[in-house]
Amino acid sequence: MQGLLFIAMLALFAVIAYKLISRKLKLRGHEINSSDMLVRYSDGPYIVDVRTPDEYRQGHIPGVKLVPLNELGRRYKEIPQDREVYIICHSGSRSAEAVIWLLKKGYDQVFNISGGMNRWQGPVEK
């Protein structure tokens, strides 16, 4: 019984590791940390917040466009393809998924803000 439990735990770990590594590979070159993003913030970048409206109301970066992740499939054409676009969420997980999805749709200038609002040190408004 313990042997089966060990094998099941090992398999679960392998699946989780594969998903994390796979996501990192898909994001290669399409990720920016919050410190570097803060430097670019003064240039007026196009930022999309993929959190829920409730999360957004609790505090967001001034001037961002709210497109909740669950609405991205029907609203992605609102996001420009001809300029750099930065995607943010709470921790960087949902925004990573949004970037990967947009890359598949032909966007090549989209970047995940890793760490999300958790690590954002710039201005926030409610």
Side-chain angles (χ1 to χ4, degrees):
M1 183 69 171
Q2 287 180 334
L4 288 175
L5 181 59
F6 176 76
I7 291 171
M9 289 177 63
L10 188 60
L12 179 61
F13 174 76
V15 168
I16 292 169
Y18 172 78
K19 286 185 177 189
L20 291 174
I21 291 168
S22 175
R23 182 166 69 183
K24 276 293 183 194
L25 289 174
K26 289 176 185 173
L27 283 174
R28 187 178 300 161
H30 291 275
E31 197 159 37
I32 184 169
N33 66 46
S34 57
S35 301
D36 291 340
M37 185 65 225
L38 189 55
V39 171
R40 292 184 187 195
Y41 183 71
S42 61
D43 295 334
Y46 195 93
I47 304 172
V48 176
D49 192 326
V50 295
R51 297 177 300 156
T52 66
D54 285 341
E55 290 173 300
Y56 178 85
R57 283 189 291 276
Q58 291 173 14
H60 57 271
I61 300 170
V64 302
K65 179 170 187 67
L66 177 64
V67 180
L69 185 61
N70 66 345
E71 297 178 13
L72 186 62
R74 66 181 168 81
R75 294 185 54 198
Y76 74 93
K77 291 184 180 180
E78 297 173 24
I79 300 170
Q81 278 190 283
D82 60 346
R83 65 182 288 195
E84 290 185 350
V85 175
Y86 300 90
I87 313 290
I88 195 162
C89 68
H90 181 71
S91 66
S93 190
R94 285 175 284 178
S95 53
E97 294 302 317
V99 167
I100 291 167
W101 193 87
L102 288 167
L103 286 168
K104 290 177 183 176
K105 286 292 188 184
Y107 286 74
D108 60 351
Q109 298 184 76
V110 290
F111 303 89
N112 178 41
I113 302 174
S114 63
M117 292 300 291
N118 279 341
R119 293 198 183 142
W120 177 249
Q121 298 296 312
V124 174
E125 66 183 16
K126 292 186 179 186

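Hydrogens, waters and symmetry mates play no part in the numbers below; they use all other heavy atoms, side chains included. Just so you know, residue 1 is the first one in the sequence shown, and it goes up from there.
Two residues are said to be in side-chain contact when any heavy atoms from C-beta on lie closer than 4.5 Å; Y41 and P123 meet this criterion. Looking only at side-chain heavy atoms (C-beta outward), E84 and R40 come within less than 4.5 Å of each other. Taking the side chain as every heavy atom from C-beta outward, M117 and R51 approach each other to under 4.5 Å. Side-chain contact between W101 and L69 is absent, with no heavy atoms from C-beta onward closer than 4.5 Å.
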Under 3.5 Å, which donor-acceptor pairs link side chains of residues 73-80 to any protein atom two or more places apart or in another chain?
residue: R75; atom: NE; partner: E78; partner atom: OE1; Å: 3.3
residue: R75; atom: NE; partner: E78; partner atom: OE2; Å: 3.0
residue: R75; atom: NH1; partner: L66; partner atom: O; Å: 3.4
residue: R75; atom: NH1; partner: E71; partner atom: OE1; Å: 2.8
residue: R75; atom: NH2; partner: L66; partner atom: O; Å: 3.2
residue: R75; atom: NH2; partner: E78; partner atom: OE1; Å: 3.0
residue: E78; atom: OE1; partner: K65; partner atom: NZ; Å: 3.1

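The hydrophobic cluster containing L103 does not contain Y86, counting ILVMFWY residues as joined when their side-chain heavy atoms lie under 4.5 angstrom apart, directly or transitively. Residues V85 and V64 fall into different hydrophobic clusters, defined by Ile, Leu, Val, Met, Phe, Trp and Tyr side chains chained together at heavy-atom separations under 4.5 Å.
Nearest heavy atoms, C89 versus V50: CB-CG2, 3.8 Å. Here the closest heavy-atom approach between residue I32 and residue D36 is recorded as CG1-CB, 3.6 Å. Summarising the geometry of V99 relative to N112, their closest heavy-atom pair is CG2-N, 3.5 Å, with the distance given to 0.1 Å. The shortest non-hydrogen separation linking M37 to P45 is CE-CG, 3.3 Å.
The OG atom of S114 sits 13.5 Å away from the CD1 atom of I87 when rounded to the nearest 0.5 Å. Distance NZ/K126 to CD/Q58: 7.5 Å, rounded to 0.5 Å. The distance from atom CG of L72 to atom CZ of R94, rounded to the nearest 0.5 Å, is 12.5 Å. Here CG of N118 is found 6.0 Å from OG of S91. Values are rounded to the nearest 0.5 Å. Note that the OH atom of Y107 and the CG atom of D82 stand 9.5 Å from one another [nearest 0.5 Å]. To the nearest 0.5 Å, atom CD1 of residue I88 and atom CH2 of residue W120 are 6.5 Å apart.
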